[in-house]
Amino acid sequence: MRAFFAKGSILVWVLLAIILALVLGSITIGGSPLVPEAVGRIFATFSAVFGQFLSFSIPLIIVGLVTPAIADLGRGAGKWLGITAAIAYGSTLFAGFITYLACATLFPVLLDPSSLSDVAEPGSALSSYFTIEMQAPVGVMTALLLSFVIGIGLSMVPRGVLRKGFVEFRAIIKALIERVIIPLLPIHIFGIFLNLTYTGEAWSIMQTLVRVVFVVIALEVVILLTQYLLAGAYARTNPFKALATMLPAYLTALGTSSSAATIPVTLRQVRKNGVSEAVASFTVPLCATIHLAGSTSKIFAFAFAIVYTQGIEVSATQWVGFIFMLGITMVAAPGVPGGAIMAATGLLVSMLGFSEANVALMIATYIALDSLGTATNVTGDGAIALVVDKMADGRLGVEAHPENARELSFDGMAYLDKVAVEGVVSAEELEASAKVNGPSA
């Protein structure tokens, strides 16, 4: 099944799941649905169980991704890493606040405030045969606070057993997302939308989301133009020419839906914009991980739409707090399609009070537009590189070059390469340990 899913993008399967659910749930033969209720209840049962498993996994995903991501920000390039991270975070906050302003202004005109009120608690046309309650090991907010405390602490410790443990735990969580959650997600979404189609709620959802999509696309354009106008003014370069130069990176990200996979193209185009080799090779890989302005805008827009159309009470203070927390949480987004929304699900539940149905709807809509957010993220990295290059003015020395970062601090991926898949320590490490502790070690 993994090989079968690997042949197609998760985007293809999610869209196929939604379309099949809408079609199969709408067709009737002799007054009865094409998909018998008994079969539909099988998918409803799967969605119920998978939803419980997702709720169980959210705190683990937060701890496993956020903790080492924050810890990694304390290594390598010293003050320039901090400066770049601050600029990237500021860009992400800007994307969140401009999206808030646009949504608060446009959605009252474009959307019916009660259009999705029934989706908050979906109808029970397809009840599950059974459900399994899976209690989360810790609360979502507890997981977030724990991640921040431990991550900040680990950033001060370049080496150590605990840091290695979290690097391995991150590998486990990424495998959980890539090999379990993401492959099974289309089936879960199919069950959710099949139930919504049976109850007649699916079409109102699609009509609402189409309007939100146009707002999101317009916002992505505004975000990129603002980033390059500011960067161009500071770096004294033509912003429109610089943005046009980054177009190959934008198109590559549209096809791959991965910032990491687009790094080689982004590096090449950033260099064409006149950014120095040291700055380009440092900022582009870093921003591919921590700069997610496009993803933040997309998540916020759809979250605002769901809250507005379902009548959920969320104050302006809560929205502001959500933007600040979302910007931090986006740092943990793994380099897989849909990784950003998986990292953000904890905030949707804890800060906005989203139900399982709302979370599933957010995941489906986010993945359907995943490549747009990724393309905006990647293209915006070029603007940050221009700013950092102007600030550095040739002073970014070899200590900030990623080729030397391996020698300056613990390299988590290098450590994982030395550990066998079965978890057995390599022969080289055993030999080194024996020299220090004796043969018994």
Side-chain angles (χ1 to χ4, degrees), residues 73 76-102 218-253 259 262-263 265-298 300 323-324 326-328 330-331 373-402 405:
L73 291 180
K79 70 172 184 178
W80 291 109
L81 186 147
I83 291 172
T84 306
I87 295 173
Y89 183 61
S91 175
T92 302
L93 289 182
F94 165 76
F97 281 111
I98 196 173
T99 304
Y100 182 20
L101 179 63
L219 282 169
E220 305 284 307
V221 174
V222 171
I223 289 170
L224 285 177
L225 286 175
T226 304
Q227 289 173 339
Y228 276 87
L229 285 172
L230 293 176
Y234 180 78
R236 296 183 180 178
T237 187
N238 187 328
F240 300 102
K241 182 179 178 181
L243 181 57
T245 302
M246 294 300 298
L247 185 60
Y250 184 92
L251 296 176
T252 302
S259 298
T262 314
I263 285 177
V265 180
T266 309
L267 273 171
R268 183 187 66 199
Q269 301 309 120
V270 165
R271 293 187 186 114
K272 287 184 178 180
N273 272 334
V275 176
S276 65
E277 179 70 24
V279 172
S281 60
F282 169 66
T283 56
V284 170
L286 176 63
C287 289
T289 302
I290 67 173
H291 181 227
L292 290 96
S295 298
T296 298
S297 175
K298 188 153 47 102
F300 186 92
I323 292 172
F324 277 98
L326 188 60
I328 297 175
M330 287 294 93
V331 173
T374 303
T376 303
N377 299 337
V378 166
T379 309
D381 295 346
I384 294 178
L386 286 171
V387 173
V388 175
D389 189 59
K390 180 64 175 179
M391 294 177 67
D393 195 23
R395 291 174 293 160
L396 190 59
V398 294
E399 74 277 0
H401 197 283

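The model shown is predicted, which means the values in this text are computed figures rather than measured ones.
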What heavy-atom pair brings [X] and [Y] nearest, and what distance separates the two atoms?
X	Y	result
Gln227	Ala293	NE2-CB, 3.8 Å
Val270	Ala280	CG1-CB, 3.9 Å
Ala235	Leu386	CB-O, 3.9 Å
Ser295	Asn377	OG-ND2, 2.9 Å
Ala231	Ala383	CB-O, 3.6 Å
Asp381	Cys287	OD1-CB, 3.4 Å

Nearest 0.5 Å, please: how far is [atom2] in [Y] from [atom1] in [X]?
X	Y	atom1	atom2	value
Leu243	Gln269	CG	CD	12.0 Å
Thr92	Leu292	OG1	CG	6.5 Å
Ile98	Leu93	CD1	CG	13.0 Å
Leu247	Thr379	CG	OG1	8.0 Å
Leu326	Phe324	CG	CZ	12.0 Å
Arg268	Met246	CZ	CE	10.0 Å

Under 4.5 Å between any side-chain heavy atoms of Ile223 and Ser297, yes or no?
yes
Tell me, please, which residues at least two apart from [X] pass side-chain contact (heavy atoms from CB on, under 4.5 Å).
X	result
Ala88	Ile290, His291, Ile384
Tyr234	Val387, Lys390, Met391
Leu230	Thr226

Between [X] and [Y], is there a donor-acceptor pair closer than 3.5 Å when you use the side chain of the first and the backbone of the second?
X	Y	result
Ser91	Ile87	no
Asn273	Ala242	yes
Tyr250	Ala244	no

